[in-house]
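Structure record follows, encoded as structure tokens.
Basis for what follows: all heavy atoms, side chains included, without hydrogens, waters or symmetry-related copies.
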Amino acid sequence: MTKNKFYIVLFLLFGAVVFGQQKPVQVTVDSTKIKIGSQFKLTLKTTVDSSAHVFFPDSKTFGLFEVLESYPVDTIKKDARYELIKRYGLTQFDSGKYAIPQLPVIINGRQFITDSLPPVTVTNVVVDTTKQQMYDIKTIVTVDKPISNVWKYSMILLLIIGIGFLVNWLLKRYQNRDKKEEIIYASPIEKATSLLQNLEKKELWQKGEVKDYYSEMTDITRTYIEETIQVPAMESTTAELLTALKAAVIKKKMGIKKDTFETFERILKNADLVKFAKSKPLDFEIADDRKNIEKIIFTIEKSIPKEVEQSIEDERLKREKLIKNQKVRRILIAVATSVVLFIGTFMYYLSTDGLDFIKDKFIGHSTKDLLNGEWVKSEYGEPSIILETPKVLKRFQEEKIQNNLPPNVRSSQKFIYGSLIDNFNIVINTTAFKDSVAANNDVILNENLARFEKTVGAKGIIVKTDDFEIKDGFTGKRGYGSMTIFNPVKNEDQRMAYQMIVFSQKFGVQEIVLVYRDEDEKAKEIAERIINSIELRKLGE
């Protein structure tokens with residue numbers, strides 16, 4: 001073997017040894033010294049062909065380190081092979097020196113163990129107690145569990161109902177404040193006989209209260225005469241009452257005999273003597289007067305003509321109607337008070353979060369409210385779209401679509417605010433592919449326009465397109481213009497402006513669609529602000 005051949009063989013052997021010593025998986029950390037709770041990154045790299053199946057560790061802890069975050073795998077193509085890079089964010093919450101364990105990576109069913117790494121030192125945070133005052137640990141504070149909204153609103157409703165009942169009770173008491181509790185009688189004769197029976201039960205004259213007895217007895221009789229014959233008996237003297245009674249009897253042809261008048265006159269004069277002259281009849285005289293009064297009342301009752309009876313019945317019905325109307329009025333006032341309180345509470349609720357709920361669910365927000373309100377920045381879908389919007393978009397998911405995705409589609413997600421007939425409509429669509437796909441942005445724009453025609457019957461569509469680039473250097477396609485759609489709420493056609501922006505990646509598509517009233521300047525400002533806030537993530541970042 002010549003000298004040159006010897007060197008060539010030696011070189012090849014040395015290269016084979018070096019290649020054989022290269023590890024399939026490389027591991028590195030970006031720092032070997034951190035403070036308590038700080039994060040450092042551990043990176044795993046491997047280079048494989050396109051058909052390889054690689055599984056990186058998936059654990060919440062690596063040894064004594066806590067995995068704060070497991071980042072998606074980055075893929076870099078190098079000729080016919082791929083370099084896979086997997087990063088982890090690790091931390092430790094106790095000071096000391098900690099070793100990072102060797103980690104397993106499975107490539108095509110074979111396990112490879114990473115090299116050992118130098119230990120990571122975790123240091124305390126130094127606090128200058130001369131400048132920062134130290135305090136003892138406070139005891140645990142018990143926090144009352146907040147009342148759920150259902151209970152809160154139920155209690156408010158019960159309180160309003162209770163106030164309504166209280167108002168009804170106060171009105172009833174007010175109406176009866178100057179009245180004694182009275183019984184509704186079917187007729188004046190029933191009332192008179194009942195009151196006379198109650199008078200006897202009091203035993204006034206037996207107790208020596210003769211004056212009170214005669215006063216109440218004659219008042220019962222006068223009231224009966226006034227209610228049946230319509231004679232002003234209560235305000236009349238004895239002589240005036242007898243004169244008026246005789247005139248009414250003749251006029252109404254009641255046929256009351258002369259001795260009845262004479263008996264009645266004698267009783268009334270006895271009563272006057274008792275009340276004004278302090279006369280005191282004998283017991284049998286008082287008993288006779290009581291019996292005669294009852295006979296006089298029944299005599300008058302039997303002699304009343306039918307037309308008078310009808311008049312009395314009408315008066316009774318009128319009185320019952322008045323009492324019923326008072327009751328209805330009290331209930332109406334109580335109900336009205338409850339309704340006013342309910343509306344007041346409802347309006348107060350609307351003045352805060354409730355108005356947003358009503359607008360979100362039913363009437364929609366005005367574009368002025370949307371523009372001047374508090375905006376939110378959120379991330380949606382995969383590959384994700386980050387942007388600022390007046391309201392958080394809600395996920396819209398149709399099971400039929402999700403269960404029938406094309407074979408090459410890994411996921412399809414949609415997020416929406418509003419609808420095509422609202423003041424402002426936002427739609428985000430993201431699609432992630434299983435394999436590399438070269439999506440055509442122009443085709444996607446045309447599909448969205450066709451969807452406008454199919455779903456809401458859009459017509460008179462004006463289309464303009466241009467290339468669109470955002471601040472991170474992503475480029476896509478924008479379609480914009482106007483169209484006419486029918487608004488079923490207003491029962492009329494209205495002109496709507498739209499903007500559609502499509503970004504295509506190797507493994508995904510991101511779409512943003514904005515629709516708003518063509519003449520609404522506030523809506524145009526909202527659209528401009530949303531578009532200027534767009535940020536995109538590549539699939540795998």
Side-chain angles (χ1 to χ4, degrees), residues 347-381 385-396 414-429 445 448-449 451-453 455-466 468-471 476-503 510-536:
M347 293 304 293
Y348 173 78
Y349 174 66
L350 288 185
S351 67
T352 53
D353 295 335
L355 184 57
D356 284 338
F357 174 81
I358 297 297
K359 288 182 176 181
D360 284 337
K361 294 294 184 182
F362 303 107
I363 62 177
H365 292 266
S366 70
T367 50
K368 183 178 179 181
D369 289 342
L370 294 174
L371 182 62
N372 298 329
E374 184 177 353
W375 285 48
V376 291
K377 185 175 183 178
S378 298
E379 186 169 347
Y380 302 95
I385 300 173
I386 305 170
L387 76 170
E388 290 183 354
T389 56
K391 298 290 178 182
V392 175
L393 278 60
K394 296 182 179 180
R395 182 186 296 272
F396 178 82
K414 178 181 286 189
F415 302 85
I416 297 176
Y417 169 76
S419 68
L420 290 178
I421 61 173
D422 284 338
N423 296 321
F424 204 95
N425 177 222
I426 310 169
V427 178
I428 288 178
N429 285 309
L445 288 176
N448 282 329
L449 291 172
R451 196 173 296 115
F452 284 156
E453 294 177 328
T455 57
V456 293
K459 54 188 177 182
I461 301 177
I462 298 175
V463 184
K464 300 178 183 178
T465 60
D466 58 20
F468 188 83
E469 183 176 355
I470 60 175
K471 57 187 177 183
K477 197 78 172 181
R478 177 172 67 169
Y480 60 97
S482 61
M483 59 184 171
T484 299
I485 64 174
F486 179 75
N487 188 329
V489 177
K490 294 186 176 181
N491 197 31
E492 63 181 15
D493 287 337
Q494 58 186 23
R495 197 68 182 169
M496 306 294 288
Y498 70 88
Q499 294 195 53
M500 297 182 293
I501 305 170
V502 181
F503 298 93
Q510 295 144 302
E511 304 170 61
I512 301 103
V513 181
L514 308 175
V515 180
Y516 47 90
R517 301 184 193 281
D518 192 30
E519 72 283 356
D520 192 336
E521 296 299 324
K522 298 292 184 184
K524 294 177 182 177
E525 293 183 42
I526 294 172
E528 183 178 358
R529 181 172 171 180
I530 292 173
I531 291 172
N532 290 336
S533 72
I534 295 174
E535 300 176 32
L536 302 180

Tell me, please, which residues at least two apart from F415 pass ring-ring contact (aromatic ring centres under 6.0 Å, His included).
-> Y380
Find out whether N448 and R451 are in side-chain contact, i.e. whether some heavy atom of one side chain is under 4.5 Å from a heavy atom of the other.
-> yes
Please list, chain by chain and in numerical order, all residues satisfying side-chain contact (heavy atoms from CB on, under 4.5 Å) with V463, sequence neighbours excluded.
-> L449, I461, T465, Y498
Which distance, rounded to the nearest 0.5 Å, do you find between the OG1 of T389 and the CD1 of I426?
-> 5.5 Å
Roughly how far, to the nearest 0.5 Å, is the CG atom of N425 from the CE atom of M496?
-> 7.5 Å
Test item: I428 and L387 side chains (from C-beta on) under 4.5 Å apart, heavy atoms = yes
With sequence neighbours left out, the residues meeting side-chain hydrogen bond (donor to acceptor under 3.5 Å, both in side chains) with D466 are R478
Sequence-distant partners of D493, side-chain contact (heavy atoms from CB on, under 4.5 Å), two or more places apart = K459, T484, F486
Quick one: does R495's side chain get under 4.5 Å of I462's, heavy atoms only?
-> yes
Partner residues of N429 under the side-chain hydrogen bond (donor to acceptor under 3.5 Å, both in side chains) criterion, sequence neighbours left out | none
Could you tabulate the donor-acceptor pairs under 3.5 Å formed by side-chain atoms of residues 521-532, not counting sequence neighbours?
| unit_1 | atom_1 | unit_2 | atom_2 | d |
| --- | --- | --- | --- | --- |
| K524 | NZ | D518 | O | 3.4 |
| N532 | ND2 | E528 | O | 3.2 |

Kindly compute the distance separating CG (L536) from CD1 (I385), expressed to the nearest 0.5 Å.
-> 6.0 Å
Please examine the side chains of L514 and F424, heavy atoms only from C-beta on, and report whether any two atoms are closer than 4.5 Å.
-> yes
Can you sort out the partners of Y516 under side-chain hydrogen bond (donor to acceptor under 3.5 Å, both in side chains), two or more places apart, ordered by chain and number?
-> Q499
Got a sec, which residues hit side-chain hydrogen bond (donor to acceptor under 3.5 Å, both in side chains) with K377, two or more places apart in sequence or on another chain?
-> E535
Do Y417 and L370 have side chains that get closer than 4.5 Å, going by heavy atoms?
-> yes
Do you know which two heavy atoms are closest between M483 and F452, and how far apart they sit?
-> SD-CD1, 3.6 Å
